[in-house]
Each structure stands twice: as C-alpha cells, then as structure tokens.
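Please read these numbers as outputs of a predicted model, since none were measured by experiment.
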Amino acid sequence: MKSAISSSLFFNSKNLLNPNPLSRFISLKSNFLPKLSPRSITKSPSSSTSALRSISSSMASSFQPEQARVPSALPLPAPPLTKFNIGLCQLSVTSDKKRNISHAKKAIEEAASKGAKLVLLPEIWNSPYSNDSFPVYAEDIDAGGDASPSTAMLSEVSKRLRITIIGGSIPERVGDRLYNTCCVFGSDGELKAKHRKIHLFDIDIPGKITFMESKTLTAGETPTIVDTDVGRIGIGICYDIRFQELAMIYAARGAHLLCYPGAFNMTTGPLHWELLQRARATDNQLYVATCSPARGSGAGYTAWGHSTLVGPFGEVLATTEHEEDIIIAEIDYSVLEQRRTSLPLNKQRRGDLYQLVDVQRLNSK
C-alpha cells in the first residue's frame, strides 16, 4: 500500500502554507486534468462531450482501479442461467426440533412448487435463538445422518426437487466447539459449502438488548463463496452483513448474489436491516437476499422478520412483514451488467489511494 508520503506529490509545503484553499484545489486538479483550451471546450457540443470523455478516461487511467483490490478482482463469470426464481422461507421456530425440521421441509416444497430454483432459509431455524439452546440443538454436520437430521433433510429435499438450498443456519458441534453454520446443498443433494458465522453477535444497547453469542459460539474464519446451478453466491450470516469488507471480498471474487440468513432484533431491525441490505447491494452492484425467522410473540429473542430481495441498484424487489410467509421473486442476472455499465464503479476505484486485501486469496497464490 502506498505511503502517506506520496501525498507530497500533490501538496508541497508551499501549497500547505498557502492560506488560499482554492490554490491548493487548482494544484491538485492540474495533476489529474489534461490541458484544455477554452476553444476546445466551446467549439461545439460534440467536441465538448468528446473533451469531457477524454478527461474522464484520463482520470480513470490514473486511478489504477485494478490495484484497488488485491489480488485484482475476478471478472463476473457467466452464470449457468440468466433468470430464475428465488424462494425466501420466513419460518416460525419453536422449541420442538422435529416440528421445526418438518415445517421447514414443507416450506421448501411449497417454494419449489411455486417455481423457486433457489430456496433460502432463516438463521437458526431448527432451534430457539438463545445461548442456552445452542448446545442442546447442535448437530454434527460432518457426521451427517442421525447426527444431523436438519442437514439430512436439506440434502434429501434438494436432490428430490432438483433445487439449490441455502440452508439458513443451525448450531453446529465440532468437538467441544459450537458454530453458527450455514450449509449449501446443490441440486444433486450434495453439500457444496459450509459457512461458519465470522462475526459473532456481541452487543449491549442499554435498556434495549444485550446478547453475547461468544459465550457459547466460536467465530468462523473463512469467507464462503460457492458456484451453484443458479450462479456464484457469497454467504454471510446475520451480523456478517454489517461488515462491508466481507461483501466487497465476495464481489471481487465474482459473486452474482449474496445470501444472508439473519435474525435481526426489534431494536436494530427497524433501524438497520433493510438499510444494510440495500447498502451491500448498492456498493457491490449485485443481488442481496435475506431470510429471517418469523416473529414469535412468546420467544425470548424476538426477530424483526422482513425477509427481502434487493437488486443491484439498491431497489427492494420483494419483501414481507413479520409473520410467517414464503416470498417468490425473480432474479435477472442480465441486470448486473447493465447497472455496472451505467455506473462503472469498478473502473473508478482509486487504487492509487486505497486497497482491499483478500488475505485468503493472497495467501493461496
């Protein structure tokens, strides 16, 4: 990363001591803008437009956008299909694990019957959301079978219905550790990826809500991106959505869609849930899908709900309220290129000033 000393290229000591801020701006501008005569600008509208395009092109080339992401961003891959329907299953969750699994199965089947090729489930859908419940409801996902009835169901349904399932999240047991884990199953029923929540939900808002996931859960250590029958998908869980760096890494790895099963609460939900989804989609010019548990009146932890699909311009394409519901909405990947052409952020990133480093990719080279 460039040293701060490089700023002296633009602000020498004379400029810094000059009390006139306009002179400093002019000095800075002259380093970026090509020399243009008044005649070249006013000669005609077409020549004026050409001149402005020349300025834009010159400026963009000096920005070194390819160096804004290290390693350089991957090109957006051609998706297996352009359009498909996603199903967001906002489920009620009880203390009855068998009921939760059966209920989720029926919701997935209903979403598929309505045309969904990708189904997203909520965060912690097989268990009450509490530190006391996580150890009791946790499953050994790697062992499978009877040791993980929740993922066994997801595998069976995805294969039978020939759909991709982003399996929300469930408590996972690995030795003496517990994780908040999302499993992705392909249309062949195989486990394609497993994302362990990277950023644990440890917050304390006096008089509102206090929750410390780290009392029982261990943080995951790996960003998760997976190629599926419905495109390249980056996975996060709830609190992960607050950290834009993770979404930026997924975008730089060529994601078409980010999926966040989550369970925002009644304090932060109204303030930030939709805001964060629209921000992640807008910043990275891709789709963002979220799925929450339905709001339970007798639950110790009350979810905000409002499962949502957001488009690459930050537009809310589909959403629901707090009750149990199944949303079916269309995703059209052809829109991604349109948005990125209209608003060419990737060509305008200031690699001469800042960098996002994807440590995992950098170390694997």
Side-chain angles (χ1 to χ4, degrees), residues 79 81 83-93 100-101 103-126 150-151 153-155 157-158 161-170 180-187 191-195 197 224-241 247 250 255-264 273-274 276-277 280-281 286-294 303-311 316-320 322 324-333:
L81 74 175
K83 293 183 181 181
F84 66 94
N85 286 337
I86 184 173
L88 310 177
C89 298
Q90 184 163 290
L91 306 174
S92 61
V93 179
N100 293 336
I101 295 173
H103 191 57
K105 179 180 179 181
K106 290 178 182 177
I108 295 169
E109 292 170 338
E110 180 178 342
S113 72
K114 294 180 178 178
K117 294 297 182 184
L118 172 66
V119 174
L120 177 59
L121 296 184
E123 180 185 25
I124 307 293
W125 56 267
N126 72 343
S150 299
T151 59
M153 180 275 288
L154 297 177
S155 175
V157 174
S158 61
L161 300 178
R162 303 298 297 172
I163 61 174
T164 300
I165 298 177
I166 310 294
S169 76
I170 64 171
N180 187 341
T181 301
C182 175
C183 294
V184 180
F185 287 89
S187 57
L191 179 63
K192 298 182 71 68
K194 186 168 66 172
H195 177 78
K197 189 173 186 177
T224 305
I225 193 163
V226 55
D227 286 312
T228 73
D229 291 346
V230 290
R232 184 169 294 177
I233 303 174
I235 308 294
I237 299 175
C238 199
Y239 205 55
D240 285 340
I241 199 173
Y250 289 153
H256 302 101
L257 165 68
L258 305 184
C259 287
Y260 294 94
F264 268 50
W273 180 233
E274 182 182 302
L276 289 166
Q277 295 172 63
R280 299 294 84 83
L286 39 65
Y287 283 91
V288 169
T290 63
C291 191
S292 168
W304 170 240
H306 296 268
S307 302
T308 304
L309 175 67
V310 180
V316 174
L317 298 174
T319 190
T320 187
H322 63 272
E324 188 167 68
D325 201 357
I326 297 175
I327 304 171
I328 306 296
E330 183 181 75
I331 288 177
D332 182 357
Y333 286 145

For T151 against F185, the heavy-atom pair lying closest together: O-CZ, 3.6 Å
Side chain proximity check, I101 to W125, heavy atoms < 4.5 angstrom: yes
Nearest-0.5 Å distance that lies between atom SG in C89 and atom CD1 in I328: 7.0 Å
Closest heavy-atom pair and its distance - C291, S307: CA-OG, 3.4 Å
Q277 versus H306, side-chain donor and acceptor atoms under 3.5 Å: no
Short side-chain to backbone donor-acceptor contact, S292 and A263, under 3.5 Å: no
Where P261 and E123 come nearest, the two heavy atoms and their spacing: CB-N, 3.6 Å
Residue pair D229 / T164, side-chain donor-acceptor N/O under 3.5 Å: no
Expected output: side-chain S169 to main-chain C182 donor-acceptor under 3.5 Å: no
Residue K194 excluded, over 12 heavy atoms near NZ under 6.0 Å: yes
Interatomic spacing from SG in C183 to CD1 in I170 - rounded to 0.5 Å: 5.5 Å
L118 side chain near L257 side chain, heavy-atom distance below 4.5 Å: yes
T290 vs W273 side-chain heavy atoms within contact, under 4.5 Å: yes
Residues E110, K106: salt bridge by 4.0 Å N-O rule: no
Sub-4.5 Å side-chain heavy-atom contact between Q90 and I327: no
Spatial distance of atom NE2 (H103) from atom CD1 (I108) [nearest 0.5 Å]: 11.0 Å
Residue pair D240 / K197: nearest heavy atoms and the distance that separates them: OD2-CA, 3.9 Å
Which atom of A318 lies closest to which atom of A329, heavy atoms considered: CB-CB, 3.7 Å
Least distance between heavy atoms, G262 atom then P293 atom: O-CD, 3.2 Å
Pairwise side-chain contact, Y250 with I233, heavy-atom cut-off 4.5 Å (strictly under): no
Spatial distance of atom SG (C259) from atom CG (L120) [nearest 0.5 Å]: 5.0 Å
Salt bridge (charged side-chain N to carboxylate O under 4.0 Å, His left out) involving D227 - partner list, sequence neighbours excluded: R232
Full working for side-chain contact (heavy atoms from CB on, under 4.5 Å) between N85 and K114: CA-CA 9 Å; N85 286 337; K114 294 180 178 178; over 6 Å; no
Test side-chain contact (heavy atoms from CB on, under 4.5 Å) applied to L121 and L91, step by step: CA-CA 8 Å; L121 296 184; L91 306 174; 4.2 Å; yes
Heavy-atom side-chain proximity of I237 to H195 below 4.5 angstrom: yes
Verdict with reasoning, L276 to Y260, per side-chain contact (heavy atoms from CB on, under 4.5 Å): CA-CA 11 Å; L276 289 166; Y260 294 94; over 6 Å; no
Rounded distance [0.5 Å steps], CG in L154 versus CG in L191: 9.5 Å
Aromatic plane relationship, Y287 with Y333 - under 30° parallel, 30 to 60° tilted, over 60° perpendicular: perpendicular
Spacing of T308 atom OG1 and E274 atom CD [to the nearest 0.5 Å]: 6.5 Å
